[in-house]
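Worksheet: the structure to be examined is printed underneath.
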Amino acid sequence: MTARGTRAAKAVNLYVNFGWWISAIGLVVVPIGLVVVLGALNQPDRPAPDMPVLARIQVDEGALGPPVPGEVVEPSTLVRGQGELRIRTRSKSAWTLLFLMIEITLAALLYVYGQLRALMHSVLARQPFLPENSVRVRRVGHVVIAWSLAAPILKLLVGVAMVDEVAVRGLILEPPLDFRLETLFFGLAILVLAEVFRQASELQADQSLTV
């Protein structure tokens with residue numbers, strides 16, 4: 001490995017270690033944050049905190065009757081689309097689901113960073129094509145694929161719990177099932193990379209036996 005490659009590997013290793021520690025700390029902090037938020041929800045004199053939620057917005061034309069009998073009102077086309085909203089809510093179920101989703105995300109990141117730490121350790125030791133590295137890369141791919149399928153469902157559950165508590169006259173809020181195909185394909189690409197590592201480790205083993 002060249003000196004430049006070594007410096008790059010050390011930089012990546014530093015980032016991976018930082019991500020692992022941040023994820024580990026987050027796993028401890030998130031439950032504390034949930035307790036604090038739920039405690040604030042029990043105090044009616046305090047304003048409800050804002051929750052981010054992904055939702056589709058449509059005009060409820062049935063709820064927007066003409067202000068004057070007989071007057072024709074064109075349906076609005078200004079409020080349509082999908083995006084992240086920040087809405088104040090005291091829904092304990094919605095906040096619990098949101099923090100649970102964050103906790104699951106951090107647990108997945110901690111696992112992925114753990115696999116990458118072991119991989120980077122062997123790379124820095126100039127043994128990148130160990131047989132176990134292909135297993136580590138494959139595990140990362142499996143986690144990415146699983147997360148690409150689970151994350152939209154978790155976001156949908158949070159959105160449903162949130163929208164049930166919100167009523168906006170003239171608007172319809174619908175939480176979408178927002179699958180990201182690029183994340184799924186990224187996970188599949190990692191599995192292909194794991195196969196490359198496996199074949200490289202076999203070639204390296206054959207060469208060592210030949211020598």
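Contact record, L157 with L97: O-CD1, 3.7 Å, taken as the closest heavy-atom pair. Nearest approach of R86 to P52, heavy atoms of both residues: NH1-CB, 3.7 Å.
Applying the ring-ring contact (aromatic ring centres under 6.0 Å, His included) rule to F99 yields no partners; only residues at least two apart in sequence or on another chain are considered. When the side chain to side chain donor-acceptor pair (under 3.5 Å) test is applied to E195, the partners found at least two apart in sequence or on another chain are R198, Q199.
Hydrophobic clustering (side-chain heavy atoms under 4.5 Å, transitive across Ile, Leu, Val, Met, Phe, Trp, Tyr) groups W21 together with V16. Linking Ile, Leu, Val, Met, Phe, Trp and Tyr residues whenever their side-chain heavy atoms come within less than 4.5 Å leaves L130 and V123 in two separate clusters.
Here the straight-line distance linking atom CG of L124 with atom CG of L119 works out to 9.5 Å at 0.5 Å rounding.
Using modelled atom types, no side-chain atom of N13 and backbone atom of A9 make a donor-acceptor pair closer than 3.5 Å.
Within the hydrophobic cluster formed by Ile, Leu, Val, Met, Phe, Trp and Tyr side chains joined at under 4.5 Å, directly or through other members, I25 is accompanied by V29. Grouped with F18 in one hydrophobic cluster are I22, the linkage being side-chain heavy-atom contacts under 4.5 Å among Ile, Leu, Val, Met, Phe, Trp and Tyr residues.
Pairs of residues two or more places apart, or lying in two chains, that qualify as side chain to side chain donor-acceptor pair (under 3.5 Å) and include a residue from residues 128-138 are S122-N133, N133-R136. The list of side chain to side chain donor-acceptor pair (under 3.5 Å) pairs with a residue in residues 37-49, not counting sequence neighbours, reads N42-K92.
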